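Worksheet for the structure shown next.
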Amino acid sequence: MEQKIPEINQAAQYVLKIQQNWPKINEALSEIVVIQNKLPEIKQAVARIQELDDNFDKVANTISLASDKAGKAIEIVTAAQNALPRIAEIADEGTAIANELNKFLTANEETFKLIAPLVKQNLTLAQQAADATSLLTERLLNINPALLPTAAEVTAVKDRLSTVVRLLGHTSSLLSRINSYIPGQPLNDHIARLQTIEKNMNLQIAILGAIATDLENGKTPLKDAVKRLNELSQNTSAALGIILSKYDSEIVPNLTKGIEILKTVNGTASDILQTAKGKLPDIKAILEDVKSGLEFGQAELIKIQEQLPQIRAKVHEMAQALQSKAEAFEKAINIAAPFVQDKLPEIGEKLDKAAAFINNDLPQTEEELVKLSDFVRNKLPEVESGVHKVAGLVRDDLPQLERAISQAADKLREVEANNHFADLAKLLRGDIKKESEFLASPVQINENRKYPIPNYGSAMSPFYCVLSLWVGATLLISLLKSEASNPEGRFKPYQLYLGRLATFVTIGLFQALCITLGDFFILHAYVADKIWFVLFAMLVSTVFVTITFTLLSVFGNVGKGIAIIFMVFQFSSSGGTFPISMTTPFFQALNPFMPFTYAISLLREGVGGILWATALKDIVCLIVIIGLSLFVALVLKRPLSGIIKKSMENAKKTKIID
C-alpha cells in the first residue's frame, strides 16, 4: 500500500480535476434532457425525410414536365421578341402603327398568357430552393456526424439560391411593370414581399458561404448560424407559400387585367399612337424579363434534373440511416435522461465529498499509512520475536514456575505457622528491584527523536545563522550610505528607496550564502536538505535587510538603535535557545510577531527535514513582513516625515546623536 501512494495521489488529482470541471460536465450532460424534449421534433424531421424519399418519383416527374414547358415557353417568347423589330419599323408610319401593334398583340396573345404560369413556376422553384435549404439545416443540426452534409453539397445549395435570387429579381421587375398599368396598383404588397424574400435569400447565401468554408476547413459550423439559416429558410418558404396560396385568386386576375389594359392602350385611335409607340420599350422589357425568367428557370430545372440521382441517393441513404438509428437513439436518450435528472446531483455530492476527503484527510491518512508501514517493516519482527519468546516461556519455563510458586506457597504456610508473616509482608510491600534501580538512576529520560540530528551544534545552527543574518543586516545600515544621490531631482522618492534597497538586498544574499556554506564546509554542521537550507537563509536575509533598511530610511540614525533593540527583544521571544513555553507571558505574547520566530522555524525545517505545512506557513509570514516593511517605507514615510524630523532635531540638540 505504501508503494501505491503515488498512484493513489495521481488518482486523487484526477478526482479533483473532475470535481473542478463538474459544472461544465453537468451542463453538458444536462443537454440530454433538452434533446429528450426535442425528440418529437427530431421524429417529425425524420418523418419528413422519409416522406420525401417515398414521393421522390413525383418530384422528378414534376421537374421534368416543368422543364419541357419552360422550353416551349422560351420558343414562344423568342418568336415574340423577333417580331418586335417589325413593330419598331412601322412605328413612324402614322396610323398603321396602331393596326400593326394590335395585330402583333393578337398574334402573340399566347405569349402573354404564359406570364401568369411562368411567375407561378418561378415562385414554386424559389419555394423548393427554400425547402432544400431548410432540409440542409436540419442535417447540419443533426446529432449524427455521419449525416452531416459536405462542403460541396452546401455550395450547391448556395449556387441554387443565387440563381433563384436572380430569378426573383426578374419576376419582381416583371410584376412591377405590369402593376404600373393597373389602377390602384394592387400588386404592391406582393412585390414588396418578393423583395423581402430576395433580401432574406441573400442573407442565406452569405451564411451558406461561411458554413461551406467551415466544413472545408474541418470545423463544425456555428450552431447559432445554422439556427439563423434554418429560421430564414422557413420564413422564406412560408412567405412564398402565402404568395402561392393567393396567386390564383389575387395575382392572376390582376396580371390578366394589366395585360388587357396594355392591349387596350395599344388599340386606341391614332391620336394616342405616340403613347403606344412609347410603350414598345416596356413590351420589349417585359418580353426580355419573361425570357430571362424562363431561361433561368429552365437552367435551374436542368441542374436539378442532373442532380436528381445524386440527391435521390443522398435522401434515400439519409432516410434509411435515420429510420434505423432513430429508435435506438430515442431509446438511449430516454434511458440517459432519467439518470441525468435523478443521479447527476447525487454524483456531484459524492464528488464534493471525495474532493473534501482528498484535500483534508488524505495527507493525514497517507502519513498514518507510512507510519504503519514503518511499524510492519521495522517493529513487527521484534513483536514476532517477543511472541516466540513468550511461547517458549510458556512451553519450557511455565512448569518450573508453577513448581516454584508451589514451593513458595509451602514456605509461606511455614512462615505463617512460625509467626514471621508480618515481617515478610513488610518486606514484600516494597519493590526491592525498583528501589535499587531508583537509587542507581533517580531520573529516567524517555527520548522520542522525530527529526534525528546527530549533535547539539547542528541543532543550534538555525538560531545562530538567523542571529548572524540580523547582525549582518544591522552592520550594512551602519556602514553603507542609505540615501542615493538624485541629481536635478530626476528620480522619485520610491525609486530611490527601491534602488538602494536592491543594493542592500544583493549584499545580504551574499552574506546568507557565505554563512550557510560556512556551516557546511567549515563547521561541518548536519543539514538534511542543504539546497533548501541555503534558499531559506537567503529569504530570511532578504527579510532582515528590508526591515533594517526601512527603519534606517524612515527613522534615520534612530532606526539603527531600533534595529538593535528589536534584535534584543527577539532573543528571548523567538524560542531559539529554549522553548517559548518556558519564558514569561510577556515574551510568549511577543513570539508570534517576531521575525526571528518564523526565520528560526524555517531553517530548522532545512536542518531536520522539511515538513512543508510548517515551511510554507513560515515563508508566507516572512513575505507578509516584507510587505509590511514596504508599506511603511512607501506609504507611511511621507505622513511620518514631520514627526520624525522634529524627533531628529530634538535628538541632535542632546549633542549625543548625530
Side-chain angles (χ1 to χ4, degrees), residues 5-6 9 359-360 362-371 374 447-473 505 508-547 567 570-583 587-588 590-628:
I5 285 178
N9 285 329
N359 290 325
N360 301 324
L362 185 60
Q364 183 178 358
T365 304
E366 291 179 357
E367 183 179 352
E368 294 296 331
L369 183 60
V370 171
K371 291 180 180 179
D374 182 68
E447 184 176 1
N448 183 11
R449 305 186 71 179
K450 295 290 186 182
Y451 299 96
I453 301 174
N455 52 65
Y456 177 78
S458 298
M460 290 299 294
S461 62
F463 171 74
Y464 287 107
C465 184
V466 168
L467 180 61
S468 301
L469 292 173
W470 185 274
V471 172
V505 168
L509 293 176
F510 280 107
Q511 286 181 342
L513 194 62
C514 293
I515 292 170
T516 52
L517 294 179
D519 283 347
F520 299 157
F521 300 110
I522 298 176
L523 301 179
H524 300 289
Y526 170 81
V527 176
D529 295 292
K530 291 183 172 58
I531 295 177
W532 283 110
F533 184 79
V534 174
L535 295 177
F536 291 160
M538 295 174 78
L539 173 63
V540 171
S541 179
T542 302
V543 175
F544 288 174
V545 169
T546 304
I547 294 172
M567 179 183 67
Q570 293 186 99
F571 266 107
S572 302
S573 60
S574 63
T577 53
F578 290 94
I580 191 63
S581 57
M582 299 177 64
T583 61
F587 291 116
Q588 293 183 28
L590 290 179
N591 176 262
F593 305 102
M594 296 293 107
F596 268 35
T597 301
Y598 306 104
I600 294 172
S601 174
L602 184 60
L603 293 185
R604 280 174 176 169
E605 294 299 317
V607 172
I610 299 176
L611 180 62
W612 280 108
T614 303
L616 290 176
K617 182 192 73 173
D618 296 333
I619 291 171
V620 170
C621 292
L622 291 172
I623 293 174
V624 169
I625 292 172
I626 292 178
L628 290 175

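Quick caveat, the model's predicted, so the values are computed rather than measured.
In this structure the side chain of Y464 never reaches within 4.5 angstrom of the side chain of D519, judged on heavy atoms. No side-chain heavy atom of D529 sits less than 4.5 Å from a side-chain heavy atom of F533. Between F571 and F463 the shortest side-chain heavy-atom distance falls below 4.5 Å. Contact annotation: the side chain of V471 approaches that of M567 to within less than 4.5 Å [non-hydrogen atoms, C-beta and beyond]. Residues V540 and V543 fail the side-chain proximity criterion, which asks for heavy atoms closer than 4.5 Å.
V607 approaches P462 most closely through the heavy-atom pair CG2-CG, 3.7 Å. Taking every heavy atom of both residues into account, L469 and S541 meet most closely at CD2-CB, 3.9 Å. A512 and A537 make their closest contact through CB-O, 3.6 Å (heavy atoms, listed as atom of the first residue, atom of the second, distance). In plain terms, the two heavy atoms of M460 and T577 that are nearest each other are CE-CG2, 3.8 Å. When all heavy atoms are compared, the tightest approach of A528 to G609 is CB-N, 3.7 Å.
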Report the C-alpha distance between T516 and F536 in whole Å, list the side-chain angles of each, state the deciding distance to 0.1 Å, and finish with yes or no for side-chain contact (heavy atoms from CB on, under 4.5 Å).
-> CA-CA 10 Å; T516 52; F536 291 160; over 6 Å; no
Could you walk me through whether V534 and F520 pass the side-chain contact (heavy atoms from CB on, under 4.5 Å) test, one step at a time?
-> CA-CA 10 Å; V534 174; F520 299 157; 3.7 Å; yes
Let me see the working for R604 and T614 under side-chain contact (heavy atoms from CB on, under 4.5 Å), right down to the final yes or no.
-> CA-CA 10 Å; R604 280 174 176 169; T614 303; over 6 Å; no
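Expressed to the nearest 0.5 Å, how far CG of L523 lies from CD1 of I515 amounts to 11.0 Å. With rounding to the nearest 0.5 angstrom, the CD atom of Q588 is 6.0 Å from the CD1 atom of I580. Of the inter-residue distances, the one linking I623 atom CD1 with L539 atom CG reads 6.0 Å to the nearest 0.5 angstrom.
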Cut-off 3.5 Å, no hydrogens considered: what does the side-chain donor-acceptor table look like for residues 593-603, sequence neighbours left out?
from : atom 1 : to   : atom 2 : distance (Å)
T597 : OG1    : N591 : O      : 2.7
T597 : OG1    : N591 : ND2    : 3.3
T597 : OG1    : M594 : O      : 3.4
Y598 : OH     : P592 : O      : 2.5
S601 : OG     : D618 : OD2    : 2.7

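A donor-acceptor distance shorter than 3.5 angstrom exists from the side chain of E605 to the backbone of L611, with no hydrogens or angles considered.
Annotation for F510: atom CZ does not count as buried by contact number, only 12 or fewer foreign heavy atoms lying within 6.0 Å. Counting non-hydrogen atoms of other residues, nucleotides and ligands closer than 6.0 Å to OH of Y526 gives a total above 12.
S458 and N455 form a side-chain donor-acceptor contact under 3.5 Å, judged by distance and modelled atom types alone.
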